[in-house]
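Below is one structure, written out as structure tokens, with a few remarks after it.
Side chains included, hydrogens not; waters and symmetry mates left out as well; all remaining heavy atoms used. Keep in mind the model is a prediction, meaning the values are calculated, not measured. All residue numbers refer to positions in the sequence shown, counting from 1.
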Amino acid sequence: MTATGPLTALFVQLKLSLLRNGLRQSAGRRAAYVSSVVVTLLIAALQLLGLIALRGNDHAAALVILLAAVFALGWAVMPLFFPGGDETLDPTRLVMLPLRPRPLVVALLASSLIGIGPLFTLTLMAGSVIAVAHGAAAVAAGVLAVVMTMLLCVALSRAVATANTRLLTSRRGRDLALLSGLFVAVGAQLVNVGVGQLSGKNGLSSLEPVADVLRWVPPAAAIDAVQGVGDGSYGTAAAQFALSAGLLILLLWWWQRGLTHLMTSPDSSTIQAAEPSRKPSGSAAARPALHRLLPENRTGTVVLRTLRYAWRDPKTKSAWVTSLAVGLLVPVVTTVQGAGSVYASCWAAGLLGMQMYNQFGQDSSAFWMVAQTISSPRDAYLELRGRALALALVGVPYVTLAVLVSAALMDEWAAVPDALGLALALFGALVATGAMTSALYPYSIPQDNGYKNVAPGQAGLAWIGILGGMVTGAVLCAPVLAATIWMHEAGADDQLWLLLPLGAAYGAGVALGGLRLAAPRVVTRLPEILAAVTKG
């Protein structure tokens, strides 16, 4: 089948069928999809109302130009960070079919317009046009601008994904997904800072310098052309539409060329490069440097294995990198916003301490090998202690660094002892509750999906474990918090240094207590844990 019309209709029907059949697999998947649709539509509706309210504002054009540019950037980078986000449009699944590239591009473009992301983008682009369109001619131009913007965003996304398909489907290429959490977290903080700046005295007028540059960058150029038509600047608007149309044609050509290359060239992504000669495995030099520093027992083995998972497993690495980055980013952002505090460094302890949660689920199907070595509470305790020690080897220096960075930003060095003591107490409390929730509420982490962290049907277990553990952890570190508040209220500033050893000792004691309480529960619930973490 090579005719464009029938092929496009077939791909649209196929996309709808795949979505419908996917929702029939489980009630959990249906609930997650419906919830995401409701939340997305609610956010889109609020954004739409906000954009409509800007109608008549002198600086509304600057905002919608920036909005269009940001959405185009998001469409371009999302395939790189979330390669599994749309499995129904993987072009490698079509290589054995007798399809010509040009009809295939049209069919894939049409089917790519179906989904939550395109609906959200369409709503905001329509709101952007309403905010700047004045007059019948501008409304007609706005319809064209929305269509052109949607096609540009989707074509850009699919062209980038097609050009990187070999990378994204390879084993090493999936490591790129570790940046997704960091990208989202940093982006959210940047948006937070931007919103804070917009709420200042300059308001939307602060966007004008950026908008003056972006108004000639498609698809922002097409949105700005709507206001140009309303103002009577037909020549400028025509040039902006022509620029956007030219880029769309270029993207479609690049996409078609990428599809042709992908579907006709051999896949060399699995060809291994010649490996350099290695040192004999039995030699001391062949052992990792950290291993040589660890004791020759189960604790050392568990520590090394945990750190290797954190470095090599894409999902574990993603969680660690995101926690480490955001923990240091939050004090910086709060300081920029004028609401900084040394105690904001407790975010670092909290985010990294949560890596102790669902410890066995992080092992996935490999946990059955660990389970064979656990036959007594002593074995379980040593296993949990090794995992907690691996987290502490990174966490304690990292939390200390976060506190020092916060103190440097705020120039409040006197608050370092009590802030660090409170952060270490929180870290120890989360290690304790993480060990307990790992035993009581384990869940599976899908390994065949780059953007799902909970297997279908286990979302409730994940939420119970995380939220319950966080609340319990906050309660456990309440004595140190109460002592900190009391000493500040009592004016005992010369005694605040005592909170550092107090918090460190308290955090270590709570962590060890939690490990000992969790160990017998791991043994008694070992079959249930094994079944839960290997599900899906």
Determine, stepwise, if the pair Leu51 / Val64 fulfils side chain to side chain contact (heavy atoms under 4.5 Å, CB included). CA-CA 8 Å; Leu51 289 170; Val64 299; 4.2 Å; yes
Donor-acceptor pair, distance only, cut-off 3.5 Å: does the side chain of Arg387 make one with the backbone of Gln359? yes
What are the two closest non-hydrogen atoms of Ile445 and Ser364, and how far apart are they? O-OG, 4.3 Å
Side chain Tyr398, main chain Leu324, donor-acceptor under 3.5 Å: yes
Identify the two heavy atoms, one from Ala519 and one from Ala380, that lie closest to each other, and give their separation to 0.1 Å. O-CB, 3.4 Å
Please walk me through it: do Leu389 and Thr299 pass side chain to side chain contact (heavy atoms under 4.5 Å, CB included)? CA-CA 8 Å; Leu389 180 58; Thr299 299; 3.9 Å; yes
Got a sec: does the OH of Tyr441 have more than 12 other heavy atoms crowding it under 6.0 Å? no
Any non-hydrogen side-chain atom of Ser128 less than 4.5 Å from a side-chain atom of Phe71? no
CZ of Phe360 to CG of Leu526, rounded to nearest 0.5 Å, is 8.0 Å
Would the distance check show the side chain of Thr162 and the main-chain N or O of Ala159 forming a donor-acceptor pair, the cut-off being under 3.5 Å? no
For side chain to side chain contact (heavy atoms under 4.5 Å, CB included), just list the numbers for Asp363 and Val533, CA-CA rounded to whole Å, side-chain angles, deciding distance to a tenth of an Å, and then say yes or no. CA-CA 8 Å; Asp363 293 358; Val533 301; over 6 Å; no
What are the two closest heavy atoms between Ala349 and Phe427, and how far apart are they? O-CD1, 3.8 Å
Using 0.5 Å steps for rounding, measure from the CG atom of Leu430 to the CG atom of Leu476. 9.0 Å
In terms of the angle between their ring planes, are Tyr343 and His488 parallel, tilted or perpendicular, with boundaries placed at 30° and 60°? perpendicular
Is it true that a side-chain atom of Ser157 and a backbone atom of Cys153 form a donor plus acceptor pair closer than 3.5 Å? no
Do Ile374 and Val523 touch side chain to side chain, with heavy atoms closer than 4.5 Å? yes
Tell me yes or no: between the side chains of Trp311 and Thr316, is some donor less than 3.5 Å from an acceptor? no
Tell me the closest heavy-atom pair linking Ala483 and Leu502, and the distance in Å. CB-CD2, 4.4 Å
Heavy atoms, side chains only, cut-off 4.5 Å: are Leu328 and Trp347 in contact? no
Test item: Asn358 and Pro442 side chains (from C-beta on) under 4.5 Å apart, heavy atoms: yes
Applying side chain to side chain contact (heavy atoms under 4.5 Å, CB included) to Ile464 and Thr437, what does each step give before you reach the verdict? CA-CA 9 Å; Ile464 291 174; Thr437 57; over 6 Å; no
N-O pairing of Arg305 and Glu383 below 4.0 Å: yes
Rounded to the nearest 0.5 Å, how far does CG of Asn297 lie from CG of Leu382? 8.0 Å
I'd like to know if the side chain of Thr123 pairs up with that of Gln47 as donor and acceptor (distance under 3.5 Å, no hydrogens or angles considered). no
Would a 4.5 Å heavy-atom cut-off, applied to side chains only, mark Met470 and Thr433 as touching? no
Shortest non-hydrogen contact between Thr534 and Ser365, atoms and distance: CG2-CA, 3.9 Å
Does CH2 in Trp497 sit with more than 12 non-hydrogen atoms of other residues, nucleotides or ligands closer than 6.0 Å? no
Once rounded to the nearest 0.5 Å, what's the spacing between atom OG1 of Thr149 and atom CG of Leu122? 10.0 Å
Do any N or O atoms from the side chain of Glu489 and from the backbone of Thr484 form a donor-acceptor pair under 3.5 angstrom? no
Distance only, no hydrogens: is a donor on one side chain within 3.5 Å (strictly under) of an acceptor on the other, for Arg298 and Thr373? yes
Would you give the length of the straight line joining atom CD of Gln355 to atom CH2 of Trp320, rounded to the nearest 0.5 angstrom? 7.0 Å
Smallest heavy-atom separation, Ser341 atom then Ser406 atom, equals O-CB, 4.3 Å
Tell me, do Val416 and Leu404 make a side-chain contact under 4.5 Å, heavy atoms counted? yes
Sub-3.5 Å donor-acceptor pair from the side chain of Arg525 to the main-chain atoms of Ala439, do we have one? yes
Would you say Met356 and Leu515 make side-chain contact, with heavy atoms under 4.5 Å? yes
At what distance, to the nearest 0.5 angstrom, does SG of Cys477 lie from CG of Leu424? 11.5 Å
Would a 4.5 Å heavy-atom cut-off, applied to side chains only, mark Arg521 and Leu440 as touching? yes
